[in-house]
Amino acid sequence: VQLQASGGGLVQTGGSLRLSCVASGITISNYIMGWFRQAPGKEREFVAVVDWSSVNKYYKETVKGRFTISRDSAKNTVWLQMNSLKPEDTAVYYCAETDITYDWNSPVAGCMVADYDYWGQGTLVTVSS
C-alpha cells in the first residue's frame, strides 16, 4: 500500500494550493480518507476527512470555509484544496486511510491519528507572511 502526497510548496498569505494523494495497492472506494498536518515541534493533527461516498466531510474548525476535501475513486485520488492560506497553516501535510466504520454523529469521527492504518510520506506547505 502506498499513498503518494504531492502539491505542497511555498505560498504567500492568502494564496491557494491543491494537495493530491494518489493511492496504489488499495482501492480508496473501500476506505475513509483523511488529511492531517504536523507543524515543527507540534503533534500531528487532524485537518479533514471524507467518507466512502463523499456524503460526510468534516474539517478542523480553523480550516472550515477555506479547505475542501474531495475524492475520485476512479482515479484512486483524494485532494485537499486550500484557499486563503495563513502562516499558521504551515506544516507537513499527510494523507491517510482507515477502514473503520464511524458513527458520523460522533464529534471525533475520522479525527484520530491512531485510527489510520496507512500514511503518505507528507508534502510540505509553507505560507509566508
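Counting begins at 1 with the first residue of the sequence.
In this structure the side chain of S16 reaches within 4.5 angstrom of the side chain of Q81, judged on heavy atoms. Using a 4.5 Å cut-off on side-chain heavy atoms (C-beta onward), L3 and Y94 make no contact. The side-chain heavy atoms of D99 and D117, taken from C-beta on, include a pair separated by under 4.5 Å. N83 is not listed as a side-chain neighbour of F67, based on a closest heavy-atom distance of 4.5 Å or more. Side-chain contact between V47 and V63 is present, with heavy atoms from C-beta onward closer than 4.5 Å. For the pair V50/Y58, no side-chain contact is recorded, criterion being any heavy-atom separation below 4.5 Å from C-beta on.
Separating the OG atom in S128 from the CG atom in L85 is a distance of 10.0 Å, to the nearest 0.5 Å. Between S6 atom OG and Q121 atom CD the span is 8.0 Å, to the nearest 0.5 Å. Put simply, OH on Y93 and CZ on F36 are 13.0 Å apart, with the number rounded to the nearest 0.5 Å. Atom CD1 of I100 and atom CG of D115 lie 3.5 Å apart (nearest 0.5 Å). R37 contributes atom CZ, which lies 8.0 Å from atom CD of E88 (distance to the nearest 0.5 angstrom). Interatomic distance, M82 CE to T68 OG1, rounded to the nearest 0.5 Å: 11.0 Å.
A salt bridge is absent between D51 and K57: the closest approach of a Lys/Arg side-chain nitrogen to an acidic carboxylate oxygen does not fall below 4.0 angstrom.
Between the side chain of T123 and the backbone N or O of G8, at least one donor-acceptor pair lies under 3.5 Å. With hydrogens and angles ignored, the 3.5 Å screen pairs no side-chain donor or acceptor of Y31 with any backbone N or O of I26. Not one N or O on the side chain of S129 forms a donor-acceptor pair closer than 3.5 Å with the backbone of P87. In this structure a side-chain-to-backbone donor-acceptor pair under 3.5 Å is present from W52 to N30. Judged purely by atom type and a 3.5 angstrom limit, N76 uses its side chain to pair as donor or acceptor with the backbone of I28. Listed for the Y116 side chain is a donor-acceptor partner under 3.5 Å among the backbone atoms of G110.
The shortest non-hydrogen separation linking T77 to K75 is OG1-O, 2.7 Å. Taking every heavy atom of both residues into account, V1 and Y118 meet most closely at CG1-CG, 3.7 Å. Contact record, T126 with L124: OG1-CG, 3.7 Å, taken as the closest heavy-atom pair. Nearest heavy atoms, A91 versus A39: CB-N, 3.8 Å. In plain terms, the two heavy atoms of G7 and L17 that are nearest each other are O-CD2, 3.8 Å.
No path of Ile, Leu, Val, Met, Phe, Trp and Tyr side chains, each step under 4.5 Å between heavy atoms, connects I32 with V22, placing them in separate hydrophobic clusters. Follow the hydrophobic side-chain contacts under 4.5 Å out from L80 and you reach V11 in the same cluster.
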- Message: Using side chain to side chain contact (heavy atoms under 4.5 Å, CB included), reason through T90 and V125 one step at a time and then give a plain yes or no.
- Response: CA-CA 5 Å; T90 294; V125 172; 5.8 Å; no
- Task: Report the C-alpha separation of Q38 and E45 in whole Å, then their side-chain angles, then the decisive distance to 0.1 Å, and conclude whether the side chain to side chain contact (heavy atoms under 4.5 Å, CB included) test is met.
- Result: CA-CA 6 Å; Q38 188 166 15; E45 65 176 9; over 6 Å; no
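The neighbour count for Y102 OH, taken as heavy atoms of other residues, nucleotides or ligands under 6.0 Å away, is above 12.
Aromatic rings of F46 and W35 (six-membered ring for Trp) have centroids beyond the 6.0 Å cut-off, not under it.
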